[in-house]
2 protein chains.
Amino acid sequence: MLKRQFAQHECPLAQALGEIGDGWTLQIIREAIYGTTQFEAFRANTGASRGLLADRLAHLTAAAILRKTKGDSDGRETFYELTQKGRDLWPVMLSLMLWSDKHLQDKDIVSARSGKTGARVTDVVAIDKAGNIITPQDTVLQPGKDISPAFKARIKVASAP
Amino acid sequence: MLKRQFAQHECPLAQALGEIGDGWTLQIIREAIYGTTQFEAFRANTGASRGLLADRLAHLTAAAILRKTKGDSDGRETFYELTQKGRDLWPVMLSLMLWSDKHLQDKDIVSARSGKTGARVTDVVAIDKAGNIITPQDTVLQPGKDISPAFKARIKVASAP
DNA sequence: ATAGATACGTTTAGAATTTGAACTTAATGC
DNA sequence: GCATTAAGTTCAAATTCTAAACGTATCTAT
């Protein structure tokens, strides 16, 4: 089991990174989102070693990001499927994919599209409860009621780019 | 320098994870987005060791996610600031923050809001060129013209959750 | 029923990475 | 000059990862 712990911040982002921010863990979640469910397939598609993969799958299962089930037609098989918590990481993966398309790639490998209209996903935007778009330039980080003075001091100068 | 390389996929997501998917790298990008610019501040806020931090900052600079500049008032200082490519990772961090709020936290530590209206960011959504929202349930991954047969076979069953 | 193959692990030694402390170098302040 | 600060570098010890072998249960074919 990975013992390394990132500095325990109250920062929600630091906590999320502590839970899934490990490089291999993200690769595994990517594969799960692509539809991979079995140990050997995760291995083949990520290149992770057996020991590491077993460890990370156990961690993701304990964190309720994946759910482990036994195959009922073939008793040898174990399936790891995304829970709702896991599926909720889709926007993270989608934004990464769009970033990659914009900055890392010129080839047209794969695109996310609407199943209904076929229109390509070009962007990911923040919205408020009413559905209004909030641009990155207009975004600020606001301390909440449970924030510590120390962390408040750090984020008060920060605003989104 | 980190030698470990994730399986070299043509997959844009795998490439993005290869570039920034390392755990410490993501912590550093988080800090940069929070406004951290100096070596010692990155160290204090992430808990990374000096050697590792120097290595990762060099990598992020080489990847043009950070830009390294010298302080002109104080010649000892070095600043690492986000480039546009780096700032474009904001949606990734914001989605992670929202995921954390939904699944990892019950405390009200910090929220992203509109500077203009004060409205809280509640969600991140995919949109097409015309600005129509494409829900995760309606999203499919479509192979592009430069895809290899092998990768095409893998994603053809995949659809977003 | 026996033999071989498959799926999912565990174990282990060796390799690679990370830590933590000490050390450099260069610039600043007193 | 002398202490301090910022940003690294160096290196031995600790941790983590890999790769190959091994283990166990289940399935398939003979």
Side-chain angles (χ1 to χ4, degrees), chain A residues 1-8 14 17-29 31-32 35-62 66-82 154, chain B residues 1-8 14 17-29 31-32 35-62 65-82:
Chain A
M1 197 60 134
L2 187 71
K3 198 177 291 177
R4 175 202 320 151
Q5 284 296 340
F6 297 117
Q8 277 313 354
L17 290 174
E19 185 133 342
I20 60 156
D22 164 66
W24 286 114
T25 301
L26 287 168
Q27 297 273 342
I28 292 166
I29 291 170
E31 274 309 307
T36 298
T37 55
Q38 290 178 270
F39 192 91
E40 293 301 329
F42 278 113
R43 240 173 76 61
N45 296 335
T46 63
S49 66
R50 287 173 175 285
L52 179 136
L53 181 57
D55 174 80
R56 295 301 195 280
L57 287 173
H59 178 261
L60 284 167
T61 303
L66 297 177
R67 185 183 10 254
K68 187 177 179 176
T69 57
K70 277 283 174 192
D72 40 87
S73 64
D74 187 334
R76 289 169 301 184
E77 293 175 331
T78 299
F79 296 101
Y80 293 93
E81 44 185 283
L82 287 165
R154 288 205 35 229
Chain B
M1 197 59 136
L2 186 71
K3 200 176 291 176
R4 176 202 320 152
Q5 284 296 340
F6 297 117
Q8 277 313 352
L17 291 174
E19 185 132 343
I20 61 157
D22 164 64
W24 284 114
T25 300
L26 286 168
Q27 298 274 342
I28 292 165
I29 292 170
E31 274 310 306
T36 298
T37 55
Q38 289 177 270
F39 192 92
E40 291 302 328
F42 278 113
R43 240 173 75 60
N45 295 334
T46 63
S49 65
R50 286 169 177 287
L52 179 136
L53 181 57
D55 174 81
R56 293 303 194 278
L57 287 174
H59 178 262
L60 284 167
T61 303
I65 290 166
L66 297 177
R67 184 183 11 251
K68 188 177 180 176
T69 57
K70 277 284 174 191
D72 41 87
S73 64
D74 187 335
R76 289 169 301 183
E77 293 176 330
T78 299
F79 296 102
Y80 293 93
E81 42 183 283
L82 287 165

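Lettering of chains follows the sequences in order, A, B, ..., and the numbering in each one begins at 1.
Counting any heavy atom pair closer than 4.0 Å across all strands shown, F79(A) reaches no nucleic acid atom. Among the heavy atoms of the strands, none lies under 4.0 Å from F42(A). At a threshold of 4.0 angstrom between heavy atoms, the contacts of E40(B) include nucleobase atoms, whether or not backbone atoms are also involved. Among the protein residues, K70(A) comes within range of no part of the nucleic acid, since none of its heavy atoms lies under 4.0 Å from any strand.
Checked against side-chain contact (heavy atoms from CB on, under 4.5 Å), R50(B) has the following partners two or more places apart in sequence or in another chain: F39(B), E40(B), R43(B). Applying the side chain to side chain donor-acceptor pair (under 3.5 Å) test to T69(A) and every residue at least two apart in sequence or in another chain returns nothing. Shown here are the side chain to side chain donor-acceptor pair (under 3.5 Å) partners of T61(A), two or more places apart in sequence or in another chain: there are none. Among residues two or more places apart in sequence or in another chain, the side chain to side chain donor-acceptor pair (under 3.5 Å) test is passed with R67(B) by none. Scored by the side chain to side chain donor-acceptor pair (under 3.5 Å) test, E81(A) finds no partners at all (sequence neighbours excluded).
Comparing dT18(D), dC8(C), dA7(D) by their closest approach to the side chain of T78(A) singles out dC8(C).
Residues G51(A) and G51(B) both approach DNA chain D. Their nearest nucleotides, taken by heavy-atom distance, put G51(B) toward the 5′ side.
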ask   = Along nucleotides 22-30 of chain C, 5' to 3', which nucleotides get a B, which get an S, and which get a -, given that the test is a protein heavy-atom distance under 4.0 Å?
value = B----BS--
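In this model, the phosphate group of dA6(D) is not approached by any side-chain N or O of Q38(B) to a distance below 4.0 Å at OP1 or OP2.
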